[in-house]
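Scope of the values below: all heavy atoms of this structure, side chains included, with no hydrogens, waters or symmetry mates. Residue numbering restarts at 1 for every chain, and letters A, B, ... go by the order of the sequence lines.
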Protein chains: 2
Amino acid sequence: MFPVMKPMIPSDATSKALSNADSAREDLSLHDEILTRLRDHIVEGNIPDGSRVPERQLCEMLKISRTPLREALKVLASEGLVELLPNRGARVKQLSEHDLGELFDVMGGLEGLAGRLACERITDAEIAEIERLHYEMYGFYLHRDMHGYFHVNQLIHQKIVEASRNATLQSSYANLAGRIRRIRYSANFARKRERWGEAMREHETILDALRRRAGSELSDILFAHLRNKRTAAVEHLAAGAVAAPEPV
Amino acid sequence: MFPVMKPMIPSDATSKALSNADSAREDLSLHDEILTRLRDHIVEGNIPDGSRVPERQLCEMLKISRTPLREALKVLASEGLVELLPNRGARVKQLSEHDLGELFDVMGGLEGLAGRLACERITDAEIAEIERLHYEMYGFYLHRDMHGYFHVNQLIHQKIVEASRNATLQSSYANLAGRIRRIRYSANFARKRERWGEAMREHETILDALRRRAGSELSDILFAHLRNKRTAAVEHLAAGAVAAPEPV
DNA sequence: GCCCGATAAATCGAATGCAATATGGCCTAA
DNA sequence: TTAGGCCATATTGCATTCGATTTATCGGGC
């Protein structure tokens, strides 16, 4: 039944085929690899919401035995991506409206913090880069290019978080972002035209506060910005956008 | 080498007392137990900073085999309490000054967020309770009872975080708090008299903003408050307070 | 015909075993 | 005497195995 399943793998440690660049520079632990792959697999939505996570199947997919897989699942559970039911295995955690709202608020708090810290540390060059992105985004807005808009939008928020120069913050942020990304609202947030314009105006004030390095003010703006995103997202969820587990 | 290290704690599985409601309805998963025990063991400082964590030894201490222990270690690594060296086991993660500074900033951001959210949701009764604690703390301050002061201080901050009514925020906060608590500054933060008075004044403004439910303002105050704590803590660390791994 | 209980299969959680790697001590040589 | 290499031991990482619990299937009772 397991035709291949060669237990040997004779020194072919590279069979994992780390295509990732960050692993190239160092012998990035063999099994963080598994963790990353499994996390990506889930975040990308390859497993339906709330469904059982078949250990056996994933084992042969990843070419490993159950032990390291289960270790990875435990970690993902602690990250909030899956939940472990006693004696009933792991399920992909389904985010309720309430959960999503909480997540957005915490993201808002962290982005606000990032903005505050960024104002203390950001360089003129970094601000110039964000300005450039901002105008690029504005261009996409004018051309109603939603895809381009969202891409640059993500980039701007990312730049602000990076400018905080706080690795702890960045990893916490990445963790929460992963949980949200699983439900790929991103492409749907601002479907409503009026919300889009509002978001664009908010970004104007973000850039303005950043230029003036007004940390406290920027913190407020970013939190409010995420609050509005939250409202749009939760309304979107309530409208049943995620009812269908299959990709649209 | 671990002179005391009582491995017993006989069947006292309930000692963890997960205050969380979602776990109450069921017989709290068999091995979250292990995770909690191991985490407490490390947070309480029973293992020297940066020292190897011999799996074997912990196994017999916890009366389990290596498999669940290793799962727990992986989770603790993802929480940032330990670090896993490939083929060289787990070490208790040693926090640098820089790490500590980052942690305090993120804690400050989260507490600020908690304050902001609390202002939206807190009840008069909860505010009254915090007021009561505040005056109790003030009493300890006047009597120079540092122990009592810190206890109530912790309680106040905890109450604010709880009043945010955001479980995601609370768990993130608890995670970071755990990392810091490992270095038990808590009893040493405000050794300096002038800082103590300053902190007390800050708490006055916290309570004031909370009464007025001025979320944005409270957010600023709490962040600044933690920033000051941070400064005191990092200076304390720089003074070599943690050089000795043994409890003071 | 439908529901319920019992048995069989499958799955989960933990323990053990085995190969690979690191650690420490010892010996040899300069 | 000291530095460097080699071997024995211990420890890690993963696979496999074993017991326990759950889930599915089947037969009997109402």
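Considering only residues two or more places apart in sequence or on other chains, A/Ser65 meets the side-chain contact (heavy atoms from CB on, under 4.5 Å) condition with A/Thr67, A/Pro68. Listed by chain and number, the residues in a side-chain contact (heavy atoms from CB on, under 4.5 Å) with B/Ser172 are B/Leu110 (sequence neighbours excluded). Partners of A/Ser51 under the side-chain contact (heavy atoms from CB on, under 4.5 Å) rule, at least two apart in sequence or in another chain, are A/Ile47, A/Pro48. Every residue two or more places apart in sequence or in another chain that forms a side-chain contact (heavy atoms from CB on, under 4.5 Å) with B/His98 is listed here: B/Ser96, B/Glu102.
The CG-P distance, from A/Leu69 to D/dG13, rounds to 17 Å in whole Å. As rounded to whole Å, 17 Å separates atom C1' of D/dC14 from atom CG of A/Leu58. A/Glu60 places its CD atom 17 Å from the C1' atom of D/dT16, with the value rounded to the nearest Å.
For residues 156-183 of chain B, the pairs satisfying ring pair (Phe, Tyr, Trp, His ring centres under 6.0 Å) are B/His157-B/His203, B/His157-B/His225, with sequence neighbours left out.
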Original post:
How does each nucleotide of nucleotides 12-17 of chain C score, in 5' to 3' order, for protein heavy atoms under 4.0 Å: base (B), sugar-phosphate only (S), or none (-)?
Top reply: BBSBBB
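The nearest pair of heavy atoms linking B/Leu222 to B/Glu111 is CD1-O, 3.3 Å.
Between the axis at the start and the axis at the end of the helix from C/dG1-D/dC30 to C/dA30-D/dT1 there is an angle of 10°, using five pairs per end and rounding to 10 degrees.
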Would you tabulate the side-chain donor-acceptor contacts of residues 79-95 of chain B under 3.5 Å, counting partners in other chains and residues two or more places apart, or write 'none'?
| residue | atom | partner | partner atom | Å |
| --- | --- | --- | --- | --- |
| B/Glu79 | OE1 | B/Arg39 | NH1 | 2.6 |
| B/Glu79 | OE2 | B/Arg39 | NH1 | 2.4 |
| B/Arg91 | NH1 | B/Gly50 | O | 3.1 |

Compile the donor-acceptor pairs under 3.5 Å between side chains in residues 69-77 of chain B and protein atoms, sequence neighbours left out, one pair per line.
| residue | atom | partner | partner atom | Å |
| --- | --- | --- | --- | --- |
| B/Arg70 | NH1 | B/Glu55 | OE2 | 2.9 |
| B/Glu71 | OE1 | A/Lys74 | NZ | 2.7 |
| B/Lys74 | NZ | A/Glu71 | OE1 | 2.7 |

